[in-house]
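Just follow the structure's listing: the first ligand is 1, and inside any ligand the first atom is 1.
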Amino acid sequence: MSIRHHVNDELLLAYAAGNLAESWSLAVATHLSLCPVCREREARFAAIGGVALEDIGGIAMSDNALADCLARLDGIVPDPPPALRDPTAAAVLPSPLRDYVGGDLDAVRWAMVGGGVQQRILPVGKVGQARLLRIKAGVAVPEHGHRGLELTLVLAGSFSDGEAEFRRGDIQMADEEVQHIPIAGYGEPCICLGVTDAPLVFRALLPRIVQRFAKI
Ligand SMILES: [Zn+2]
């Protein structure tokens, strides 16, 4: 499998820094579980972040700073590392997604959208939206108005946007400038993860609050 369309630097940096909303974080984690190239990039970004923190910590440390720090670490249970390898290679859904669905593809409760498209909304909190889409082979997904960024990650089958073809692991990024009508490849349905709206938590909250009060 060779992935040709990867996570961009901006998203990967935000992911490494923990600034992504859950919806977008899920998409990046899912791509990373399929893509060794981006796992390596993410490790480099995380290392750069660690060096930056060490620089800050190097200023004006007291004599017992290390002991203090170790004492504090005693009570802290580290977060589990992001899934790096998919233990069940035959599964369609990589492990970050299976946690949301409660199993592999056969556990997904699809809802009909119409026109050969089914979806399953994933519970990812209030910022951004994430859904699994199942698009019948050869079917064009009708233009769906969206504001802001949209990310589509292919999990099975393929789709084409007229310029490029996207297969398992590939990511397509689109914003409102991009007119794209994805067409699922022939032969098998295209299963993909779609994430829309605000990728960054801090970018998302304020406009939403303003919108609510302005009743836009
Ligand atoms: Zn990648």
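- Looking at heavy atoms from C-beta onward, Y100 lies in side-chain contact with P123 at the 4.5 angstrom threshold.
- Remark: of the listed residues D99, L20, L153, L122, L122 is the sole one forming a side-chain contact (heavy atoms from CB on, under 4.5 Å) with L26.
- Here the closest heavy-atom approach between residue S33 and residue P96 is recorded as OG-CD, 4.1 Å.
- Note on the Zn ion (ligand 1): protein N/O/S atoms under 2.8 Å are H6 ND1, H31 NE2, C35 SG, C38 SG.
- Using a 4.0 Å cut-off between a side-chain N of Lys or Arg and a carboxylate O of Asp or Glu, R167 and E165 qualify as a salt bridge.
- Under the side-chain contact (heavy atoms from CB on, under 4.5 Å) criterion, D9 pairs with R41, F45, not counting sequence neighbours.
- Looking at heavy atoms from C-beta onward, I135 lies in side-chain contact with C192 at the 4.5 angstrom threshold.
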